[in-house]
Each structure stands twice: as structure tokens, then as C-alpha cells.
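In what follows, a structure is listed as C-alpha cells, so that the remarks can point back to it.
We number each residue from 1, following the sequence as shown.
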Amino acid sequence: MNLRGFGAMESSVKEEVEASISVDVFSVSAAMVGVCLTVIQLIQMNANQKANTIVDEILAFDSIVFMTACVVSFLALKSKRRSRFKKILENTSDGCFLLAISTMVVAITLVVYTFF
């Protein structure tokens with residue numbers, strides 16, 4: 001096999017990995033929207049805490065960011081192969097997902113230190 005064959009094979013593997021990451025971001029983001037909404041509901045059930053409105057607002061923002069990551073990842077999966085727009089969508093969904101996960105850590109830290 002010549003060197004061009006290895007380059008094509010490497011490019012194909014890279015595309016498969018990027019598609020796999022987009023699928024993972026899509027599915028996990030959708031699940032995390034549900035987690036955020038469930039935690040908001042659980043916090044609302046305990047009305048004795050003072051910080052619940054702060055955590056509620058953080059988690060509401062977080063669910064919107066997760067939903068944005070989910071939608072953008074879906075658009076990346078549906079866009080044409082090897083397009084510049086697809087790469088922008090993938091990077092945007094990755095960034096939204098990382099922002100949302102980081103925000104989730106902050107919110108859960110506040111829950112732990114406030115409620116326990």
C-alpha cells in the first residue's frame with residue numbers, strides 16, 4: 001500500500017471518531033436536560049432552604065445550555081461530510097457541552113454545601 005492509502009485511512013478514522021463524539025454529545029446532552037429538570041423539581045420540594053433559588057436558576061441555565069449542545073450536535077450530525085460548517089457546529093457543541101458540565105459541577109457543589 002502506498003502512502004496515500006494511509007492518509008485516506010487516517011482521514012476516514014478521524015471522521016468516524018468525530019461523528020462518534022457528536023453522537024455522544026447529542027445523547028448525553030439530551031439526558032442531562034432531564035437530570036437538570038429533575039434536580040430542579042427535587043429542590044423545589046424542599047422549600048426550607050434559602051439557596052434553592054440560586055441553584056434553580058443555575059440549573060435552568062444549565063438545561064438550556066445542554067439543550068443547545070444537543071441541537072447543535074444534531075445539526076452537525078446532519079450536515080455534509082468534510083464541510084467547514086460541520087466543523088464549526090462540532091466545535092460549538094463541544095464548547096456548549098463543556099460549559100454545561102462545568103456549570104453542573106458548580107450547581108451540585110452548591111446543593112451539597114447548602115443542603116447537607
Side-chain angles (χ1 to χ4, degrees):
M1 184 182 263
N2 60 17
L3 292 177
R4 287 185 219 180
F6 285 121
M9 199 165 39
E10 180 181 312
S11 175
S12 171
V13 170
K14 186 176 179 182
E15 285 178 17
E16 288 178 22
V17 168
E18 287 175 356
S20 173
I21 291 172
S22 291
V23 169
D24 291 342
V25 168
F26 175 68
S27 60
V28 172
S29 292
M32 292 306 287
V33 170
V35 169
C36 288
L37 296 177
T38 302
V39 173
I40 289 171
Q41 185 60 37
L42 289 173
I43 291 171
Q44 289 295 322
M45 291 174 65
N46 187 2
N48 297 337
Q49 301 297 323
K50 294 179 182 177
N52 63 358
T53 57
I54 296 169
V55 175
D56 288 349
E57 291 173 8
I58 292 171
L59 288 173
F61 168 76
D62 202 26
S63 65
I64 292 169
V65 178
F66 272 123
M67 192 64 207
T68 303
C70 183
V71 169
V72 173
S73 180
F74 176 77
L75 293 174
L77 288 170
K78 290 295 184 179
S79 65
K80 294 181 181 179
R81 288 181 141 194
R82 296 186 180 183
S83 70
R84 185 169 184 238
F85 184 63
K86 179 176 182 141
K87 190 65 177 168
I88 291 170
L89 289 173
E90 288 172 346
N91 289 338
T92 304
S93 69
D94 291 346
C96 286
F97 185 77
L98 290 173
L99 173 65
I101 287 292
S102 301
T103 307
M104 177 72 86
V105 169
V106 170
I108 298 304
T109 302
L110 286 173
V111 168
V112 168
Y113 283 113
T114 303
F115 291 103
F116 297 108

- Specify the closest pair of heavy atoms between V25 and S93, including all atoms of both residues, with the distance to one decimal. CG1-O, 4.1 Å

- Report yes or no: do V112 and L59 belong to one cluster of Ile/Leu/Val/Met/Phe/Trp/Tyr joined by side chain heavy-atom distances under 4.5 Å? yes

- Message: Starting from V35, can I reach V28 by hopping between I/L/V/M/F/W/Y residues whose side chains sit under 4.5 Å apart?
- Response: yes

- How long is the span from the OG atom in S73 to the CG atom in D94, to the nearest 0.5 Å? 8.0 Å

- Task: For the pair S79 (side chain) and A76 (backbone), establish whether a donor and an acceptor sit closer than 3.5 Å, ignoring hydrogens and angles.
- Result: yes

- Would you give the length of the straight line joining atom CG of L75 to atom OG1 of T92, rounded to the nearest 0.5 angstrom? 10.5 Å

- Compare every heavy atom of A60 with every heavy atom of S63, then report the nearest pair and how far apart it is. OG-O, 2.7 Å

- Message: Do V55 and L99 land in one hydrophobic cluster if side-chain heavy atoms of ILVMFWY residues count as linked below 4.5 Å?
- Response: no

- Side-chain touch K87/R84, heavy atoms, less than 4.5 angstrom: no

- Item | Same apolar cluster (I L V M F W Y, side chains within < 4.5 Å links), I40/I54 | yes

- Atom CG of D62 and atom CE of M32: how far apart are they, to the nearest 0.5 Å? 7.0 Å

- Item | Contact summary for F97 and A69, nearest pair of heavy atoms | N-CB, 3.8 Å

- Going by heavy atoms in the side chains, are M104 and C36 under 4.5 Å from each other? yes

- Item | Connected via hydrophobic side-chain network under 4.5 Å: F66 and I43 | yes

- Query: To the nearest 0.5 Å, what is the distance between CD1 (I58) and OG1 (T103)?
  - Reply: 8.0 Å

- Message: Using every non-hydrogen atom in the two residues, find where C96 and V65 come nearest and quote the distance to one decimal.
- Response: O-CG1, 3.3 Å

